[in-house]
Amino acid sequence: MIKNNVQNKVDRSSCTGCGLCVSVCHQKAIKLVEHDDGFLYPNISINCDNCGVCLNSCPIDHLLHSPLDSDSLSAYSYRLSDRDELRKSASGGAATAMMLYELSRKGIIYTCSYDSDFKSSRIIKINEKSQLQTVKGSKYCESMPPNYVLIKNELKLGAEILFIGLPCQIAALKKYTGETDNLITVGLICTGKGSRILLRKNTEFLVKKFNSRILSFNERFKKKNWLVPWMNVTFENGKKCSRILGNTPYGMLCHKLIRRSCFDCKYKISNAPEDILIGDAWGAEVYSKKAFDSMGCSLIIGINEKGKKYVSNIKGIMEEISLDEALKCNHAIDSNTIKDKFYNVDIQMLHTNSLEEIVIKNIGVRGMLLNNIRNTLKYILPVPIVKTILRKKHSF
Ligand SMILES: Cc1cc2nc3c(=O)[nH]c(=O)nc-3n(C[C@H](O)[C@H](O)[C@H](O)COP(=O)(O)OP(=O)(O)OC[C@H]3O[C@@H](n4cnc5c(N)ncnc54)[C@H](O)[C@@H]3O)c2cc1C
């Protein structure tokens, strides 16, 4: 009965899966459990004594308010000078640069890594340069959040911490730790996190097809340039698999089958919980010729003074740009993703069908072929033409 009071409060349409309720539960009565849609939701056990701490700390039921002072925002285009590291980064390597700076001052980093079987991912702690390669790159499916209590304890002991994650995770962290000088938070501009089932099914499919364990998996590999991401996989038996991400069933679905709460994100830039927001500097060539690099270019937005001061310490090629221009070229900064037909995919299909079958059932073989031709042309055509097409598509 008591348990049900709390259990009934879990609203799957608004829960972000941030996991703060799990961390704060003194009874250890809450676990994040993957549901049939492939997302993590709190599951409350009979040990729950209905104390209500979880409900009161929820960053959705009790929003963290971070009113934005638009006059204090600064925007920069950024890229690493090291071409090899730039190529290995998701966009311009802004996150890498911040991690390098944090390590140079003996700080600790919390950010996202795949698990060793590449079927899931989680927020992990790193404190050595040799660990950087395991966390670089974008992971588009939902990851297991951290234990916020452990982070708060480390902060109390005086550790300098850099947390790079999704704005909903940062809202949870800040809700629990409050503002503290030794914590710097970097949020990723986000269109929504994909279902964990997609990553798992994709990995299982690849392992079976190539008959080998996966050694590395990059879902945003820059084969020729940054504009058309590739899925690049290396296997223990020496084989490799490389395909335009958007031409794989996984790539077609991971930006579509996103968490329900992501369609109404409460932590877009107007209520940004982070000190710094980073993402892709789409349209950089429009606002500054110097800013654009076909091998990747990050957009960095300093949300507050602390964030801006931190950004001033990173090494690389950086240029201050107009925030208005940046907003015009990257809708995900302040707008939510709109549901499309894929969103209505019958959840049961995720369990009974292959990813390819799901795509074919929803857009047909012709739709899939047209999609593949479009992406292949984007890859083959010269960069200026591709940029013009993308600008038309996203209307900027
Ligand atoms: C689900 C998702 C959706 C995104 N959507 C957009 C978008 O619509 N528009 C846009 O401009 N940018 C978007 N991004 C951000 C963009 O893809 C890059 O991740 C970002 O620009 C960082 O690039 P970088 O070169 O600085 O990163 P790198 O230097 O390669 O480092 C990447 C950093 O991001 C962290 N990270 C990667 N995946 C996750 C994850 N799932 N959860 C928490 N941390 C993670 C890594 O651990 C690492 O710290 C999205 C990212 C994700 C994960």
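Ligands are counted one by one from 1 in listed order, and the atoms in each one are counted from 1 as well. No experiment lies behind these values; they were computed from the predicted model shown.
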Legend entry - Atom indices of ligand 1, in the order listed, that fall short of 4.0 Å to a heavy atom of G279: 11 (O), 12 (N), 21 (O)

Inset, instruction - Report yes if some N/O of V135 lies less than 3.5 Å from some N/O of ligand 1; otherwise report no. - result: yes

Inset, instruction - Any chance you could lay out the side chain to side chain contact (heavy atoms under 4.5 Å, CB included) test for I164 and L188, step after step, and finish with the verdict? - result: CA-CA 8 Å; I164 305 177; L188 302 179; 4.3 Å; yes

Legend entry - Passing option when I276 is tested against I303, L162, T185, I300 for side-chain contact (heavy atoms from CB on, under 4.5 Å): I300

Legend entry - Separation of N375 CG from M252 CE (nearest 0.5 Å): 8.0 Å

Legend entry - Subset of ligand 1 atoms that lie under 4.0 Å from at least one heavy atom of S138: 16 (C), 17 (O), 18 (C), 19 (O), 37 (C), 38 (N)

Inset, instruction - Report the member of C141, A281, C329, C112 with the shortest heavy-atom distance to atom 43 (C) of ligand 1. - result: C112

Inset, instruction - Measure the distance from atom 21 (O) of ligand 1 to every protein heavy atom, then report the residue, atom name and distance (to 0.1 Å) of the closest one. - result: S91 OG, 2.8 Å

Inset, instruction - Any atoms of ligand 1 less than 4.0 Å from a non-hydrogen atom of N330? List them with their elements. - result: 9 (N), 10 (C), 11 (O)

Inset, instruction - Ignoring hydrogens and angles, state whether a donor on the side chain of Y148 or Q169 is under 3.5 Å from an acceptor on the partner side chain. - result: no

Inset, instruction - Kindly work out whether a path of hydrophobic side-chain contacts (I/L/V/M/F/W/Y, heavy atoms less than 4.5 Å apart) joins M98 to L155. - result: no

Legend entry - S261-T16 side chain donor-acceptor pair, cut-off 3.5 Å: no

Inset, instruction - Give a yes/no on ligand 1: does G192 have at least one heavy atom closer than 4.0 angstrom to it? - result: yes

Legend entry - Any N or O of W282 closer than 3.5 Å to N or O of ligand 1: no

Inset, instruction - Report the part of L188 (side chain from C-beta onward, or backbone N, CA, C, O) that has a heavy atom under 4.0 Å from ligand 1; answer both or neither where that applies. - result: side chain

Legend entry - Atom pair OG/CZ of S216 and F221 - distance to nearest 0.5 Å: 9.0 Å

Legend entry - D280 N/O under 3.5 Å from ligand 1 N/O: yes

Inset, instruction - Specify the protein heavy atom at minimum distance from atom 4 (C) of ligand 1: its residue, its atom name, and the distance to 0.1 Å. - result: I189 O, 3.3 Å

Legend entry - I278 N/O to ligand 1 N/O under 3.5 Å: no

Legend entry - ligand 1 atoms in contact with R220 (distance to a heavy atom under 4.0 Å): 16 (C), 17 (O), 18 (C)

Legend entry - Nitrogen or oxygen atoms of G93 and ligand 1 under 3.5 Å apart: yes

Legend entry - Where ligand 1 meets M99 - atom numbers and elements under 4.0 angstrom, heavy-atom basis: 49 (O)

Legend entry - R259/E142 ion pair, N-O < 4.0 Å: yes

Legend entry - Where ligand 1 meets T96 - atom numbers and elements under 4.0 angstrom, heavy-atom basis: 28 (P), 29 (O)

Inset, instruction - Would you check whether K139 has a nitrogen or oxygen atom less than 3.5 angstrom from a nitrogen or oxygen atom of ligand 1? - result: yes

Legend entry - Taking atom 37 (C) of ligand 1 as the reference point, the nearest protein heavy atom with its distance: G137 O, 3.1 Å

Legend entry - Common cluster, V135/L166, ILVMFWY with side-chain heavy-atom separation under 4.5 Å: yes

Legend entry - Distance from atom 2 (C) of ligand 1 to nearest protein heavy atom, with residue and atom: Y140 CD2, 3.6 Å

Legend entry - Pair E34-Y41, side-chain donor/acceptor within less than 3.5 Å: no

Legend entry - Proximal atoms of ligand 1 relative to G165 (non-hydrogen, under 4.0 Å): 43 (C), 44 (N)

Legend entry - M99 side chain reached by K129 side chain, heavy atoms, under 4.5 Å: no

Legend entry - Connected via hydrophobic side-chain network under 4.5 Å: I30 and V53: no

Legend entry - Per-atom contacts, ligand 1 versus I164 - under 4.0 Å to a heavy atom: 44 (N), 49 (O)

Inset, instruction - Before signing off on this row, confirm whether A90 and ligand 1 have an N or O atom pair separated by under 3.5 Å. - result: yes

Legend entry - Part of E142 with heavy atoms under 4.0 Å of ligand 1, whether side chain, backbone, both or neither: neither

Inset, instruction - Out of T191, I126, I333, T111, indicate the one that has the non-hydrogen atom closest to atom 47 (O) of ligand 1. - result: T111

Inset, instruction - Could you tell me whether the side chains of S322 and D324 share a donor-acceptor contact shorter than 3.5 Å? - result: no

Inset, instruction - Examine K136 against ligand 1 and note whether any of their N/O atoms are separated by less than 3.5 Å. - result: no

Legend entry - Donor + acceptor pair across side chains of K152, T177 (<3.5 Å): no

Inset, instruction - Would you kindly say whether E319 and Y287 are connected by a side-chain donor-acceptor distance under 3.5 Å? - result: no

Legend entry - Identity of the nearest option to atom 27 (O) of ligand 1, non-hydrogen atoms only, from A95, S113, A94: A95

